Amino acid sequence: MSAGLSGTVGTAGAVGSGTTPAVTLGTGDLAPVFVRLKLSLLRNGLRQSSGRTAAYVVSVVFALLIAAGQLLGLILLRGNDGAATLAVFLTGLVALGWAMLPLFFPSGDETLDPSRLVMLPLRPRALIGALLAASVVGIGPLFTLCLVLGSSIAVAHGAAAVVVSVVVVPLALLVCVALSRAVAAANIRLLTSRKGRDLAVLSGLVIAVGVQFVNFGIQRLNEAGGLSALDPVADVVRWLPPASAIGAVDSVSDGAYGPAAVQLLLSLAALAGLLYWWQRSLVKLMTAPDGSTVAAASGPARKESASGLGRLLPEGRTGTVMRRSLLYVWRDPKTKAAWITSLAIGLIVPLVNALQGNGSIYLACFAAGMLGIQMYNQFGQDTSAFWMVALTISSTRDAYLELRARAFALLLITLPYSALVTVGTAALLGDWRALPDALGLSFALLGAMMATGALASARFPYSIPQDSGYKNVAPGQAGLAWISILGGMLGGAVLCAPVIALTIALHVSGADGWTWVVLPTGTAYGALIAWAGIRLAAPRTASRLPEILSAVSKG
């Protein structure tokens, strides 16, 4: 990008001059160049594959439909008592999204990375205007423009409010864009590092949690009687830029010109402050050394010692494999993302339903099911490094010890977590009598998932691409992944049938005082079925090592 941009800038400024003109280019000269660059990056990216083009077109159409519906809905809301509350709240929510976007999707837009411009002879002040102009090109700015325009129309009453809206709409959009750019510039070195990529994997967790809280909030609003429940929050948000700009239009409509002026000045001050912060970050980025230009401090090599957990693990192959599996969970971005998502969803589903008053303690088994999925495709998680593991497996006994140790590593997390979620759900529902049988069912399900996961790992391994943050299956192996996960989950449910039947029989027969027997029964049954599944998977793993290695190395 830097080379292409350098050539573009040089061409734009070299007309009629034999000197190096890029240093003297101002914002007005750079802005068209950067806009053309943004469009070129978009066009060239879409040319890479027809699939990417189709996905982009579908996303554009989908976003435009939502934006149009949002604009129409806000216009129809005009005159409603809750219009100002909703308009202010939505504007603040969108601004929050703009602030979080670069933190969770740093690679979503190449132009968000100003470090690519460091080698160009351009001053930060000139870059800001050009980058700001390029930033308003895209689906996100168009979506935001529709929301801000609809919000302004919804609250504007009278000629004075309409005049203020003409200033407010572009102002609110620029504040959102400048906020995103300033956050990206201030954190770009973190976001492009390994820790930043680890942070990006949390996006799925944030989205999952956010959807649940939005659903919970909508239900609470319906119970509270509508948008009036948001009035206390909106009274605060209307003084926070860029929502304060929409608040200024509403204040002018009510004839409160003093508060309107203050709210408008707050948004203008926020824009100026964000541009200044952005400029300071660019100056620091372009002049301050980083780890690539400063030699690492030399010192005596430290002998790596085992962590506290490592000292607690058993000796031999079991402890080594468990430590390796736990390190994958902690260090590998793909493995960490899968674990974080499973932990979050396994907790959210039972607890949110319990908070809504329509939950059941047996929904806590969802946590065990989500965590049990991590046993599937064990060898695919190793990717091409599995060949080193394969070298240590020369018999069915070796394969058994490998699979058993991996199951132990998972159970080290899943057992206490499943128990914690079940106890928490029982506490929220006040259903302590059902706690023993719910725990027994969870432990039985965990054992069944360990068994089917071991068999699926040996029979249906597939590769997990490491060159993409959004692909979890290599091309051509999607069918294997579906068979492995869905077939294994159905098999796990079938294997749990005896414990489920015991629980139902005790409740139907009225023997509620004996439901506690489900806990030891489910625990013992889960341990037995997990052991049996691993024993059955071991010879298949040992005999299919070449096929497994070939399958997991395709990504």
Side-chain angles (χ1 to χ4, degrees), residues 325 329 338-339 341-354 359-378 403-404 406-426 428-429 431 433-457 459-460 482-507 515-537:
S325 299
V329 175
W339 271 94
T341 303
S342 295
L343 290 170
I345 297 178
L347 177 66
I348 289 171
V349 170
L351 294 190
V352 168
N353 279 277
S360 167
I361 190 172
Y362 299 107
L363 282 176
C365 295
F366 198 81
M370 290 299 301
L371 295 176
I373 293 176
Q374 303 308 315
M375 186 63 187
Y376 293 77
N377 197 34
Q378 277 292 306
L403 287 170
R404 188 187 66 176
R406 290 177 183 244
F408 282 163
L410 267 65
L411 291 173
L412 199 62
I413 301 173
T414 56
L415 274 175
Y417 188 80
S418 299
L420 181 64
V421 172
T422 307
V423 172
T425 306
L428 288 175
L429 294 173
D431 191 5
R433 294 187 62 183
L435 178 60
D437 50 318
L439 275 175
L441 285 172
S442 293
F443 293 158
L445 180 59
L446 268 179
M449 298 292 278
M450 294 296 110
T452 56
L455 290 167
S457 296
R459 185 65 184 86
F460 303 108
W482 282 107
I483 292 174
S484 173
I485 297 176
L486 292 182
M489 291 175 67
L490 290 175
V494 171
L495 290 176
C496 283
V499 182
I500 296 174
L502 173 62
T503 305
I504 295 175
L506 289 173
H507 283 284
T515 54
W516 62 268
V517 301
V518 179
L519 176 56
T521 303
T523 304
Y525 181 81
L528 178 63
I529 203 68
W531 172 81
I534 293 173
R535 294 286 296 184
L536 289 174

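Keep in mind it's a predicted model, so treat the numbers as computed, not measured. Residue indices begin at 1 and follow the sequence shown. Side chains included, hydrogens not; waters and symmetry mates left out as well; all remaining heavy atoms used.
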Visitor: Restricting to pairs with a member in residues 406-418, which pass salt bridge (charged side-chain N to carboxylate O under 4.0 Å, His left out), not counting sequence neighbours?
Guide: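 For residues 406-418: D382-R406, E402-R406.
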Visitor: Applying side-chain hydrogen bond (donor to acceptor under 3.5 Å, both in side chains), name anything that partners S342, two or more places apart in sequence or on another chain.
Guide: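 S342: side-chain hydrogen bond (donor to acceptor under 3.5 Å, both in side chains) contacts with Q374.
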Visitor: Applying side chain to side chain contact (heavy atoms under 4.5 Å, CB included), can you list everything that pairs with A530, at least two apart in sequence or on another chain?
Guide: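 M450.
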Visitor: What's the separation between atom CG in L441 and atom CG in L446, rounded to the nearest 0.5 Å?
Guide: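 Reported value, rounded in 0.5 Å steps: 11.5 Å.
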Visitor: For A367 and G346, which heavy atoms make the closest approach, and how far apart are they?
Guide: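 Of all heavy-atom pairs spanning A367 and G346, the closest is CB-O, 3.5 Å.
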Visitor: With a 4.5 Å heavy-atom cut-off, do L410 and L371 have their side chains touching?
Guide: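 No; the side chains remain at least 4.5 Å from each other.
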Visitor: Can you list every side-chain hydrogen bond (donor to acceptor under 3.5 Å, both in side chains) pair that touches residues 486-505, not counting sequence neighbours?
Guide: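 Sorted result for residues 486-505: empty, none.
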Visitor: How far apart are the closest heavy atoms of A537 and L403, and which atoms are they?
Guide: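 Closest heavy-atom pair between A537 and L403: CB-CD1, 3.8 Å.
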Visitor: Rounded to the nearest 0.5 Å, what's the gap from CG on L455 to CZ on R535? Could you check?
Guide: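 Interatomic distance, L455 CG to R535 CZ, rounded to 0.5 Å: 13.0 Å.
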Visitor: Closest heavy-atom contact between S325 and A409?
Guide: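 Nearest heavy atoms, S325 then A409: CB-CB, 3.8 Å.
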Visitor: How long is the straight-line distance from CG of L445 back to SG of C365, given to the nearest 0.5 Å?
Guide: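 It is 6.5 Å, given to the nearest 0.5 Å.
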Visitor: By side-chain hydrogen bond (donor to acceptor under 3.5 Å, both in side chains), which residues pair with Y525, not counting sequence neighbours?
Guide: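 Partners of Y525 under the side-chain hydrogen bond (donor to acceptor under 3.5 Å, both in side chains) test: none.
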Visitor: What distance separates Y362 OH from I500 CD1, expressed to the nearest 0.5 Å?
Guide: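 Here the interatomic distance stands at 11.5 Å.
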Visitor: Which value, rounded to the nearest 0.5 Å, describes the distance between L536 atom CG and T452 atom OG1?
Guide: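 So the CG of L536 and the OG1 of T452 are separated by 12.0 Å.
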Visitor: Which is it for H507 and D437 under the side chain to side chain contact (heavy atoms under 4.5 Å, CB included) test, yes or no, and what are the steps along the way?
Guide: CA-CA 10 Å; H507 283 284; D437 50 318; 3.2 Å; yes
Visitor: Looking only at non-hydrogen atoms, find the nearest pair between A434 and I361 and report the distance.
Guide: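 For A434 and I361, the tightest heavy-atom pair comes out as CB-CG2, 3.7 Å.
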Visitor: Can you confirm whether T521 sits close enough to L502 that some side-chain heavy atom of one is under 4.5 Å from a side-chain heavy atom of the other?
Guide: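 Yes; the side chains approach each other to less than 4.5 Å.
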Visitor: Nearest 0.5 angstrom please: L435 CG to L429 CG, how far?
Guide: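 Those atoms lie 11.0 Å apart.
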Visitor: Side chain to side chain contact (heavy atoms under 4.5 Å, CB included) between F443 and L411: does it pass, once the steps are laid out?
Guide: CA-CA 10 Å; F443 293 158; L411 291 173; over 6 Å; no
Visitor: Give the minimum heavy-atom separation between G533 and A451, together with the two atoms involved.
Guide: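 Smallest interatomic distance, heavy atoms only, reads CA-CB, 3.7 Å.
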Visitor: For residues 417-426, tabulate all N or O donor-acceptor pairs below 3.5 Å that involve a side-chain atom, not counting sequence neighbours.
Guide:
from : atom 1 : to   : atom 2 : distance (Å)
Y417 : OH     : L343 : O      : 2.4
S418 : OG     : T414 : O      : 2.8
T422 : OG1    : S418 : O      : 2.7
T425 : OG1    : V421 : O      : 2.8

